[in-house]
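First the structure, in the form of C-alpha cells, and then the observations on it.
So you know, we letter chains A, B, ... as the sequences are listed, proteins then strands, and number each from 1.
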Amino acid sequence: MPYTPSEIEAKWQAAWDKAGTFKAVRDTSKPKYYVLEMFPYPSGRIHIGHVRNYTMGDVIARYKLSTGHNVLHPMGFDAFGMPAENAAMASGGHPKDWTYNNIDDMVAQMKPLGLGIDWSRMFATCDPEYYGQQQALFIDMLDAGLIDRKNATVNWDPVDMTVLANEQVIDGKGWRSGAEVERKDLTQWFFKISDYADELLEALDGLDDWPAKVKLMQENWIGKSRGLQFAFSLVEGVGSHDRIEVYTTRPDTLLGASFVGISPDHPLARALEQDNPELAAFNAECRKGGTTEEALEKAEKKGFDTGLRVRHPFDTSWELPVYVANFILMDYGTGAIFGVPAHDQRDLDFARKYDLPVISTYAPATDDGTAMPEDGGAAYVPPKTETVIYVRGFAGETEQTGAAAIDAAIDFCEANGVGQGVTKYRLRDWGLSRQRYWGAPIPVVHCDDCGVVPEKKENLPVELPYDVSFDIPGNPLDRHPTWRNTPCPACGKGALRETDTMDTFVDSSWYFARFTSPHADTPTDPEDAAYWMNVDQYIGGIEHAILHLLYSRFFARAMHKTGHLPASAIEPFDALFTQGMVTHAIYKTTGTDGRPVYHYPEAVELRDGGGFLKDGTQVDIVPSAKMSKSKNNVVDPVAIIEQYGADTARWFVLSDSPPERDVEWTASGAEAAYKHLARVHRIASDIAAGDVAANDADEALLRDMHKAIVDVTNGVESFGFNAAIAKLYGFTATLAKSKAGSSAKREAMKTLAQLMSPMTPHLAEDIWAMLGGEGLIANAPWPKADDAMLVEDTVTLPIQINGKRRSEIAVPKDMPKDEVEKLALADEAVIKALDGGAPKKLIVVPGRIVNVVI
RNA sequence: GCCCGCGUGGUGGAAUGGUAGACACUGGAGACUUAAAAUCUCUUGGCCGUAUGGCCGUGCCGGUUCGAGUCCGGCCGCGGGCACCA
C-alpha cells in the first residue's frame, strides 16, 4: 500500500469532523487546557510561518487532548487595519469585501493542514458582533475612569491633509505625497495604562512561564526610575514663567551641569517663539519629520540658545544658559533637563558643538589613563553599581557607587528644600484614536449642549457604513453625508458621531477572552470565561514581545475592573512561547541597470555548491533571509501540501530547527521529510503483514520504545519539537532494523504512531487503523513509559586528562566514587600519561565524567 | 541612537558547566536494476598520518574553572522592537 497523503489526509479530516474531536465544550469533570496561537492578519495567503506557528500550537493541543485534557484551540482573524484600505485605494474594492474574501481564502488554505481547531468558534475582529462588544467594553471602561481624552502628537501630511502611520513616513516624508511630514497635536482618546505601570511591572515577577527576555523588554519599556524633580529659577522671567521644572535620574551630577535644555514643545519654548521669529523657525524645523522615538534619536542633535539664564540651585551666582534642544521629549519627565556633558555622551556632543563647559563630578576609582571628558575624552558613564570617586559630590561619601550617591543626593536635596525624590515611568498612556475608516468606531457622540457623550449600549454596535469611497486621502467617515448624524444619547438633540476608529491593538487585546464564548451578547460569558481562562499556552512571534502583550495584560485588568473577567484572569497568558521565523534563501543576479534581480527558487538549479539559472548564469545566494514577496523567496504552503501533503509540511517545519529560532525552508528538506513519512508508512505496512514469532530481540526493541516515549514526551512538553523528531528518526531506524517478533513490533509501531500523532496526525491515524488500534488515535491515551524498562546497568564514563578526552571506561551505574577512581587510574591512557607520577587532582563526577589533572 | 536576542562542519542544527558536531540535508562510494527512479548499506569538521593516533576547532579578544559552545568582561556581525505595520 503506497503512501498517498491526499487520500489519507482528506479521509481523517472528515473522520475528526464527524466525531467532533476538536469541538470544545465546557466540562468540569476534566482539566481544561487552552492553547492559542496569535491570530493572523487576513492578508489572503497563508504563509509558511503561519504553518509553523499553528502546527506548534496543534502539537500541544493534540498532546493535551491525549493526556486527558479538555482542550480549547480556536482560530480567528485580526481583520481591521490599514492594508484593507490600501488595497481599496490601489484597486478600488471595498475593505470589507477584500477582508472577508481573504478570510475565506485563508480558511480554505488552512483547513487542509488538519489542525485540531474548534472552527465553530471562529470570528473576525471586523464582525459587527465582535466590535460591538468591544464598543460596550469601551463604554464600561470610560465609566470606570480607565479612559482619558487629551492631546497627542501625530504625523501630519500637509499635502494630503491626513494623518500618517509611522510606516507611511519614509525618511521624514509622506509615502504618497512625498511632502515633508510635520508633527501635529490632535485631541485623542487614551487608555490610562500608565495608571497600571507599577502593577504591570510588579506582576512580571509572577509570569514564571514567560521567556525572561520578554519580561526584561517589558520591564525596560515600562521604565520605572527614581529621580529628583526640582526647578531652576530664571534670572529674568518670561511672562508667567519664572522657573523651569526638571527631572533627573542623576541628581548626583548636579554640580556638573553646564546648560538647561527644554523641548521645542515646552510651554516656555512656545511662549518665547511668539516674539522670536528665529526661535519659531527653529522650533518649526524641529517639528518636522516623523514622531517615532527612533527618528528623534537619530536626528542630528541641535540646540537654540534662548539667551535666557537660570540660577544653579546650590550657588545662585552660578548661571546656566537655556537652550531649546530637539532631542528633549515633551512626553517624558517635565520636558526639560539639565545637561551634564562629562557623564552623558549626547550632552558632551552638544557641549562641544555649542562650546559649553565640561565639568566632571566623578572619576574612575582607579585611573587607567583614559582621557577625562574635559580633556577631549569620551563621556564617563559607568554603571550605577560601580564605585567611583566624587570630585564634585555634595552628598554622601567621596567614594561610592552611583546608586548610593543618587540616593544621598535626593535625601540632601529634599532636606535642603531643593526638590523632591519622585518615581517616574517611561510608559505612556495608550492612544487609541485612529483617523481611519477600517476599524471599530469609537462609540461616542459629540453634542453641542452635552459635550462628549457615550453611545447607549442598546444602540450598539455602531456599525461602519458600507457606502464609502477611497478615492481621496483621509477618513471617509469624515465626509460621509449622513452616518455622522445621530441624536445625542443624553438630550436627544441632533449631534455628531465621533469619526475616529480604534487602534487595531484594541481588537487583539481581548480576542482570547472572546474565544471562550464567541457569540455571547456581552463581551464575555462569566461561566465560560471562568472555566476556560487563562490561556494555558500562548504562542506567537517575538515581534509582539512588548506592545501586544503589554496591552493585553492591561486590558485583562481593565476587563476585570469592569466585570468582564474574573480576578484570576488579570494575567491572561499563563505560559508564553515565542517562535522564530521561516526563512528562505534569496537568489539574485545583477540586472543591466545595476539593480538586483530576484529569481524564484523554481528557476534556480542547485549544483556544484552554487545556484544556476537555466541559461547557466550563476546566481548569488543569500541564505536565511526573511521571506518577502519583493525578493521572490516566499514559499507557498498550498503548493507544498499539494505536492507532499500536510503531514510533510508539518513535520518539516517542526524538525531541523528549535522552535524559538528561525528555520530555513529548503526544497531538499521538504523532500526528505516526505521520504521519511513514506518510509514510516511502508514499515507500518510491513509490520501489519508480518508474522514472526516472539524472540529475544523483543526486549531490546521494547526498551528502546520506552526510552522513545520518555524522550518524545519531554520534547513535546518543553517545546523541543526538533529534538523530539530527532528521537523519532532514531526510533524509526531501530524499529526498521529490529528482528523482534510481530507482536512486539506491532506494539512498537502503534506507539511510534502515537508519538508522531501530534506532528503528523493523518499518517498516525492511518497506521493506527492499519494495526487495529481502537477508535481514533487522536483520542487514544498518550503512551506511558514503564520505569522498569528504562533502567540501565552500566554507563560509559569518558576519562579526561587535563580536561581533554583521552579514554573511556564502562562501569556499573551506581559504582562508588573510590572504585571509579581506582579503575580510572588503572586505565592504560592514564598510566601512560602519568608516567609513574601521581595525579595532581582526580575529579570524578558519578555517572558523568572522570578528569585526571597532571 | 536606545532596549532585547542570536552567532557551532559545505547546510539546518544537537549538547543539566562534563565525550563538541546527536538527528537531518548535501556531497562521495557501493548494493539492487538491462537502465533510470525508488530503496538499502557505508562514508562525510579541518590539518598531519599507511595506521594506532596526534594537532586544531563553537564570530573575535581576554577572564573564571580540574573542565567553557554553555558563566563573566570587551569587541564585531546579524535579527526583533522603539508606542499609528500587524
Side-chain angles (χ1 to χ4, degrees), chain A residues 38 40-41 43 78 80-83 152 154-155 163-169 188 193 211-214 216-221 223 290-299 301 327 331 345-346 426-436 503-505 507-508 541-548 550-551 578 580-581 583 585 606 608-609 623-624 626 655-658 660-666 668-669 671-673 675-676 678-679 682 720 722-723 725-730 733 736 796-800 802-808 839-843 845 848-853:
Chain A
M38 291 180 186
Y41 179 79
S43 60
D78 189 12
F80 275 134
M82 293 201 308
V154 296
N155 302 304
V163 177
L164 298 180
N166 285 333
E167 72 159 7
Q168 297 174 320
V169 179
Q188 309 258 279
I193 189 173
K213 63 179 171 185
V214 173
L216 188 56
M217 281 189 259
Q218 292 211 355
E219 182 183 330
N220 291 335
W221 186 260
T291 56
T292 65
E293 194 170 315
E294 186 187 3
L296 299 174
E297 289 281 339
K298 279 188 177 163
K301 310 295 179 282
F327 55 85
D331 282 330
Q345 191 58 44
R346 189 180 60 187
R426 204 185 77 98
L427 181 67
R428 305 198 297 260
D429 279 337
W430 169 13
L432 70 113
S433 303
R434 296 292 181 270
Q435 294 69 45
R436 272 182 262 284
D503 178 9
T504 56
F505 272 124
D507 312 335
S508 57
I542 187 68
E543 67 272 22
H544 296 292
I546 298 175
L547 294 179
H548 162 62
L550 192 61
Y551 289 160
T578 57
M581 297 181 300
T583 62
L606 296 173
D608 311 331
S624 302
K626 183 171 15 181
S655 62
D656 269 22
S657 196
E660 67 275 19
R661 270 212 254 172
D662 296 348
V663 64
E664 167 99 2
W665 180 276
T666 61
S668 57
E671 174 79 27
K675 281 185 187 172
H676 177 73
R679 181 173 182 233
R682 200 164 52 240
N722 57 324
I725 285 180
K727 300 293 179 191
L728 288 168
Y729 270 109
T796 305
L797 284 190
I799 297 182
Q800 294 185 330
N802 289 338
K804 293 199 176 200
R805 184 189 168 281
R806 283 297 120 106
S807 182
E808 61 181 37
K840 246 189 227 159
K841 207 166 178 180
L842 190 57
I843 288 133
V845 184
R848 273 280 172 201
I849 204 162
V850 179
N851 190 9
V852 186
V853 185

Which nucleotide, [options], lies nearest any side-chain atom of [X]?
X: A/Trp221; options: B/G18, B/G13, B/A83; result: B/A83
X: A/Lys213; options: B/C25, B/C4, B/C40; result: B/C4
X: A/Arg428; options: B/A83, B/C66, B/C4; result: B/A83
X: A/Leu216; options: B/A22, B/G5, B/A86; result: B/G5
X: A/Asp78; options: B/C85, B/A86, B/A83; result: B/A86
X: A/Ile849; options: B/U19, B/G67, B/C85; result: B/U19
X: A/Gln800; options: B/G5, B/G1, B/A20; result: B/A20

Presence of [X] side-chain N/O under 4.0 Å of [N] phosphate oxygens OP1/OP2:
X: A/Asn722; N: B/C23; value: no
X: A/Asn220; N: B/C4; value: yes
X: A/Arg848; N: B/U16; value: no
X: A/Arg806; N: B/C55; value: yes
X: A/Lys298; N: B/G1; value: no
X: A/Thr504; N: B/A86; value: yes
X: A/Lys804; N: B/C56; value: yes

In whole angstrom, what separates [X]'s [atom1] from [N]'s [atom2]?
X: A/Glu671; N: B/A38; atom1: CD; atom2: C1'; result: 11 Å
X: A/Leu797; N: B/U19; atom1: CG; atom2: C1'; result: 11 Å
X: A/Ile546; N: B/G5; atom1: CD1; atom2: C1'; result: 12 Å

Does B/G53 pair with anything, Watson-Crick or G-U wobble, both distances under 3.5 Å, and if so, with which nucleotide?
B/C48
Just to be sure I understand the rule, does A/Arg346 reach a base, reach only the sugar-phosphate, or reach nothing, if contact means heavy atoms closer than 4.0 Å?
nothing
So what does A/Ile843 hit on the nucleic acid, given a heavy-atom distance under 4.0 Å: a base, only sugar-phosphate, or nothing?
base
Whole-angstrom distance between B/C3 and B/G67, as gauged at atom P
34 Å
On a whole-Å scale, what distance lies between the P atoms belonging to B/A14 and B/U8?
11 Å
What's the shortest heavy-atom distance between A/Asp429 and A/Ile193, and which atoms?
OD1-N, 3.3 Å
How would you label the glycosidic angle of B/G9: syn (within 90° of 0) or anti?
syn
